[in-house]
Amino acid sequence: MKFLDEAKVYVRSGDGGAGCVSFRREKFIEFGGPNGGDGGRGGDVWVECVEGLNTLIDYRYQQHFKARKGEHGMGSNRHGAKGADVVLKVPAGTEILAEDGETLIADMTEIGQRVRLAKGGNGGFGNAYFTTSTNRAPKHANPGLEGHEQWIWLRLKLIADAGLVGLPNAGKSTFLATVTAAKPKIADYPFTTLHPGLGVVRADGREFVLADIPGLIEGAHEGVGLGDKFLAHVERCRVLLHLVEGTSEHAGKAYKLVRGEIEAYGHELAEKPEIVALSKADALDADTLKEQVARLKRAAKRKPLILSSATGQGVQEALRAVMAEIEAAGAAEAEAAAPAASWQP
């Protein structure tokens, strides 16, 4: 299945059914009177967050969604049926944006969440509705109201607790494959990862979700390489694990390059807690390792972790550091969400 994280679709709710003009025609009823029924309401357009989806690929092949019209009213006070609704099913983490691509309509973050995007038009009243003490035989009815139409953007942002960032070939996919059951593509050339990947990490009896995104290069915020749009998939993460390739020419410069692209991307991503680790330590001799660690420490202004996904060196330490940041962020969110104690004299 191909990965698609953005789609533009057209939605339209159903028109309301028209009211009916009708009169009773029974032979032995002297004053039959009006009996035209009301029209049915048009169908609504809903979006629902469902389980089992991780891409918006379905919306590449169908971009138009229209709810059914309401049925017209009929004689004998028969009201028209409501038009059938249309439900757009999306994975958790999908944002619904207006046509301008910026105005947020809804953020689908929980399984089972439903939001109405377009309300169906109301049905028109039949002539029986207009009967009064002075107008015993009204000969008019209302038409149904038109439905609502609009273009919307569906934009998927993966929901993960931690995200992997770094240059191409920094060892992100190898780390993901080592600590989870995910099977990302791994090769010795840049941009092996073309689409974001997710995996569930189990460490010390606890679990968290780890996201891997394609590598960033200089000028990614201007569209160079694969660009920086994949950074949207780590916006929801509580912590970033920044892997710097130990076999690179200068670990400090490699770190600053990625940080520069993250800061240029914005969306408060640069303010997230960050854990820095020097990867591929098994490929370095002692002197080179010491030099690269010193360069990375000066650039990041903190002591980096040293890890090797191939040998397992430092992997558990990195996972524990990530878990500690996730728990700290969770505690802070719970404290902020807790209601303030009421004042008592």
Side-chain angles (χ1 to χ4, degrees), residues 1-17 39-71 81-123 143-160 163 194-198 209 211 213-214 221 223 226-237 265-269:
M1 179 182 291
K2 294 182 179 180
F3 185 86
L4 184 71
D5 60 358
E6 190 173 78
K8 187 179 183 180
V9 299
Y10 169 87
V11 296
R12 192 186 197 285
S13 58
D15 297 337
R41 192 164 67 84
D44 301 327
V45 179
W46 295 82
V47 60
E48 181 179 4
C49 185
V50 298
E51 196 171 7
L53 292 180
N54 55 14
T55 176
L56 298 173
I57 189 65
D58 293 339
Y59 300 101
R60 171 172 289 177
Y61 307 107
Q62 181 180 359
Q63 290 87 32
H64 294 78
F65 298 87
K66 300 178 182 179
R68 297 293 296 273
K69 297 180 180 179
E71 299 291 338
K82 180 184 179 300
D85 294 341
V86 167
V87 180
L88 281 65
K89 297 182 178 180
V90 298
T94 302
E95 290 183 340
I96 314 298
L97 303 171
E99 187 177 4
D100 60 9
E102 297 179 359
T103 305
L104 181 65
I105 298 175
D107 193 2
M108 314 300 290
T109 57
E110 299 179 2
I111 300 298
Q113 182 180 354
R114 280 171 64 94
V115 174
R116 183 165 59 187
L117 296 177
K119 182 180 179 180
N122 289 328
L145 298 179
E146 291 187 354
H148 176 70
E149 62 180 353
Q150 63 177 329
W151 284 93
I152 60 172
W153 284 95
L154 306 179
R155 188 168 297 162
L156 176 61
K157 295 181 179 180
L158 297 180
I159 296 180
L194 298 177
H195 308 293
L198 286 177
V209 180
I213 64 170
H221 67 283
L226 294 179
D228 64 351
K229 68 174 185 177
F230 289 114
L231 284 175
H233 294 289
V234 294
E235 280 186 29
R236 302 181 191 270
C237 295
Y265 175 78
H267 299 280
E268 300 181 354
L269 197 60

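FYI, side chains are in, hydrogens and waters are out, and symmetry mates aren't considered; it's all heavy atoms of this structure. All residue numbers refer to positions in the sequence shown, counting from 1.
- Under the rule for a salt bridge (charged side-chain N to carboxylate O under 4.0 Å, His left out), Glu146 has no partner lying at least two apart in sequence or in another chain.
- Listed by chain and residue number, Leu158, Ala160, Val209, Ala211 satisfy the side chain to side chain contact (heavy atoms under 4.5 Å, CB included) test with Leu198 (two or more places apart in sequence, or in another chain).
- Minimum heavy-atom separation, Val115 to Met108: CG2-SD, 3.9 Å.
- Looking at Gln62, its side chain never comes within 3.5 Å of a backbone N or O of Val9 through a donor-acceptor pair.
- Residues Leu231 and Leu269 form a side-chain contact, since some pair of their non-hydrogen atoms from C-beta on lies under 4.5 Å apart.
- The side chain to side chain contact (heavy atoms under 4.5 Å, CB included) test applied to Ile111 returns Cys49, Glu51, Ala92, not counting sequence neighbours.
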Pairs under 3.5 angstrom only: tabulate donor-acceptor contacts from the side chains of residues 64-71 to other protein residues two or more places apart or in another chain.
none

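- With sequence neighbours excluded, no residue forms a side chain to side chain donor-acceptor pair (under 3.5 Å) with Gln63.
- Checked against side chain to side chain donor-acceptor pair (under 3.5 Å), Gln113 has no partners two or more places apart in sequence or in another chain.
- When all heavy atoms of Pro196 and Pro214 are compared, the pair lying nearest together is N-CD, 4.2 Å.
- For Asp5, the side chain to side chain donor-acceptor pair (under 3.5 Å) test picks out His233, with sequence neighbours left out.
- Residues passing the side chain to side chain contact (heavy atoms under 4.5 Å, CB included) test with Asp44, sequence neighbours excluded: Arg41, Trp46, Lys82, Asp85, Arg116, Lys119.
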Begin from the C-alpha positions of Leu104 and Ile96 and carry the test side-chain contact (heavy atoms from CB on, under 4.5 Å) through to its verdict.
CA-CA 6 Å; Leu104 181 65; Ile96 314 298; 5.8 Å; no
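- The residues Arg155 and Glu95 are annotated as not salt-bridged, no charged nitrogen and carboxylate oxygen being separated by less than 4.0 angstrom.
- In this structure, Pro91 and Val50 have side chains that are not in contact, with every pair of non-hydrogen atoms separated by 4.5 Å or more.
- Residues in residues 99-112 take part in these salt bridge (charged side-chain N to carboxylate O under 4.0 Å, His left out) pairs, two or more places apart or across chains: Lys8-Glu99, Asp107-Arg236.
- Residue Thr109 holds its OG1 atom at 6.0 Å from CD1 of Ile159, rounded to the nearest 0.5 Å.
- For the pair Ile105/Ile152, a side-chain contact is recorded, criterion being any heavy-atom separation below 4.5 Å from C-beta on.
- For the pair Leu145/Asp15, no side-chain contact is recorded, criterion being any heavy-atom separation below 4.5 Å from C-beta on.
- The side-chain heavy atoms of Val86 and Val11, taken from C-beta on, include no pair separated by under 4.5 Å.
- Of the inter-residue distances, the one linking Leu4 atom CG with Asp58 atom CG reads 9.5 Å to the nearest 0.5 angstrom.
- To the nearest 0.5 Å, atom CG of residue Asn54 and atom CG of residue Leu156 are 8.0 Å apart.
- Side-chain atoms of Tyr59 and Val90, non-hydrogen and from C-beta on, do get closer than 4.5 Å to each other.
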